[in-house]
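Working notes, structure below.
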Amino acid sequence: METLDFDVLVIGSGLAGLRAAIEVLRTRPGLSVAVVSKIQLMRSHSVAAEGGTAAALYPEEGDSPALHAWDTVKGSDFLADQDAVWLMVKLAPREVRLLEHWGMPWSRRPDGRIAQRPFGGHSFPRACYAGDKTGLFEMQTLYGKLVSMDGWERFDEVYVTSLLVEDGVFRGATAVDLRSGEMVVFRARAGVLATGGAGRLYRFTTYSYSSTGDGLGMALRAGIPLKDMEFIQFHPTGLVPSGILITEGARGEGGILLNAKGERFMKRYAPEKMELAPRDVVSRAIMTEIMEGRGLRDEATGLEYVLLDLRHLGEERISERLPAVREIAIKHAGIDPVEEPIPVRPAAHYTMGGVNADAYYRVLDTEGRWIRGLWVAGEAAAASVHGANRLGANSTIECLVSGAVAGRQAARWAWERRGEQPAVPRDRVEAEEKRVYDRLLGSETGDDVYAVREELQETMDRYVYVFRSREGLEEAARRIRELRRRMGTVAPRDKSRVYNTDLVAVLETANMVDVAYTVVVSALARKESRGAHYRVDYPRRDDENWLKHTIAVMNVEGDIELSYTPVNITTWKPIERKY
Ligand SMILES: Cc1cc2nc3c(=O)[nH]c(=O)nc-3n(C[C@H](O)[C@H](O)[C@H](O)COP(=O)(O)OP(=O)(O)OC[C@H]3O[C@@H](n4cnc5c(N)ncnc54)[C@H](O)[C@@H]3O)c2cc1C
């Protein structure tokens with residue numbers, strides 16, 4: 001088995017991973033960095049970000065990092081750790097300007113300065129954007145910068161299967177090189193986990209097929225806790241029937257939501273912010289309209305929906321500000337938003353929870369101790385700046401900030417330990433080889449992994465969606481336990497090693513069932529409604545008992561054990577959340 005040595009291992013090449021790699025090389029030129037991605041580097045989900053990146057750029061016009069922090073904390077339903085939020089909002093303007101220096105084609109005001117648009121839950125128009133392809137241009141800008149630097153190597157289509165952690169110290173990771181199907185070991189002094197979110201736990205989702213929560217599954221198997229996994233964001237405007245995102249920018253530009261009777265129903269739910277209330281509020285409003293019989297129905301799929309109307313904006317504005325929205329609606333729903341309203345319903349859109357981390361994105365174990373040498377960045381992290389609900393445009397900025405923060409520390413850590421050879425735990429590597437090739441790939445007869453995945457997604461769509469109940473979550477837990485059992489006996493049809501996509505499906509689904517189970521167990525335990533987690537049987541927020549983070553670990557039997565840690569409240573005491 002090949003062993004590859006690097007100073008810093010970056011797992012994931014989305015915004016967070018690329019930004020981290022750049023920061024390592026800026027901080028300590030001369031270090032060696034591996035950037036590993038299970039798909040081609042530039043196909044990471046980040047390229048799909050449309051609407052914008054939040055930063056308080058113009059204090060002279062009334063915005064400030066403090067206002068950005070307050071909006072974020074309120075949006076989080078007070079579950080965000082306020083020290084982490086402060087760090088993000090303070091570093092955000094610098095990140096936006098750094099990208100500007102590296103060639104980012106930000107959309108501009110007439111005076112040439114970076115333009116900003118309104119976004120849900122932000123009390124100032126602070127989402128910087130590049131048309132409605134913000135993430136694509138950010139990725140290209142970071143990639144362009146990285147390509148101009150020395151000292152890094154890319155590993156496209158290399159699937160990381162496990163993190164090697166021993167005695168509380170990060171040592172590296174095992175991976176399968178998909179081109180050969182062989183296992184390789186990355187040995188490194190520092191690691192940045194930047195594997196993104198887990199939107200594909202659901203079928204109706206805005207996420208790429210690759211967003212399967214592998215990093216979260218790997219963390220669970222390595223005994224590393226996940227935090228606040230019950231909080232999954234549903235974006236109000238997933239295009240029916242596919243779930244493809246219609247960006248919040250569409251409402252930022254003035255789009256309105258209508259029910260089957262043509263009523264602008266948001267006036268009943270958020271009279272002040274209307275369509276630009278935070279996503280949890282708008283998603284619940286849409287589902288209430290649908291459940292009370294004021295939705296429409298897609299005959300082919302049976303999906304019920306409401307309408308997003310942009311017609312009053314006019315063709316010129318739609319084509320200039322929202323070209324991708326128009327293109328997506330025409331291509332994927334046969335509807336030109338210039339002439340007809342767009343059918344939408346809430347789609348799984350963001351994993352607020354993630355790998356347990358402190359405000360500096362250091363990965364913490366169950367005792368709250370740092371796993372030395374390991375950081376987490378981007379959507380895989382729960383530091384936690386988003387708490388129970390993320391505001392739009394706050395994720396891409398978190399990717400940039402956390403990538404920079406993690407990358408800088410990882411560089412210093414690795415630099416101080418130059419010359420030390422991390423001892424890779426060989427028994428772990430062998431156990432991982434057995435898990436992958438014997439247990440997951442080896443079975444001759446057994447279940448079809450694609451059936452397991454489909455049933456999982458259907459279960460999550462049905463029972464772990466916008467509105468949740470004890471009965472529904474218990475049913476989900478029962479079904480997922482069964483799916484986890486079946487994962488032990490799946491038999492991939494393709495047994496070859498070279499570019500075996502069946503193997504990838506098995507590896508991903510093994511992560512997905514564990515992560516989904518963690519979501520359900522965490523959701524079942526939280527007997528309150530906060531942010532995106534709404535329990536019909538406990539419809540109120542309960543600060544007295546539940547103003548705390550859920551910490552979930554997987555024990556050796558594969559069960560999920562929960563404990564709780566306090567929220568870091570430095571500036572704002574919780575108040576009622578109204579919009
Ligand atoms: C359609 C859409 C639109 C969005 N729009 C916005 C927006 O306008 N503003 C905003 O702030 N946020 C937006 N978001 C959210 C934001 O884009 C994401 O949260 C963010 O891009 C995640 O970036 P990341 O770097 O954490 O991970 P990703 O970009 O998801 O990348 C994950 C990386 O990890 C790698 N990886 C995963 N598993 C493995 C493995 N096992 N082995 C090796 N590599 C692995 C992948 O190959 C990939 O390179 C949007 C999200 C979606 C889905």
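Note that these values count all heavy atoms, side chains included, but never hydrogens, waters or copies made by symmetry. All values derive from a computational prediction rather than experimental measurement. Counting starts at 1 for both ligands and their atoms, following the listed order.
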Ionic contact status for Glu430 with Lys434, cut-off 4.0 Å: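 Salt bridge flag = no for Glu430 with Lys434.
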
Residues Asp71 and His122: side-chain donor-acceptor under 3.5 angstrom: no

Once the angle between the rings of Trp152 and Tyr143 is folded into 0 to 90°, is it parallel (under 30°), tilted (30 to 60°) or perpendicular (over 60°)?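 The rings of Trp152 and Tyr143 stand perpendicular, inter-plane angle above 60°.
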
Going by the rule side chain to side chain donor-acceptor pair (under 3.5 Å), which residues pair with Ser44 if we only count those two or more places apart in sequence or in a different chain?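 So Ser44 forms a side chain to side chain donor-acceptor pair (under 3.5 Å) with Ser13.
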
Which side-chain N or O atoms in residues 188-198 pair as donor and acceptor under 3.5 Å with protein atoms at least two apart or in another chain?
residue	atom	partner	partner atom	Å
Arg189	NH1	Glu420	O	2.2
Arg189	NH2	Asp7	OD1	2.7
Thr195	OG1	Gly215	N	3.4

Please list, by chain and number, the protein residues whose heavy atoms come under 4.0 Å of ligand 1.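 Protein residues near ligand 1 are Gly12, Ser13, Gly14, Leu15, Ala16, Val36, Ser37, Lys38, Ile39, Ser44, His45, Ser46, Ala48, Ala49, Glu50, Gly51, Gly52, Val158, Tyr159, Val160, Ala194, Thr195, Gly196, Thr206, Tyr207, Asp214, Met218, Leu245, His349, Tyr350, Gly378, Glu379, Arg390, Ala393, Asn394, Ser395, Thr396, Cys399.
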
Who pairs with Asp358 by salt bridge (charged side-chain N to carboxylate O under 4.0 Å, His left out), at least two apart in sequence or on another chain? Arg362

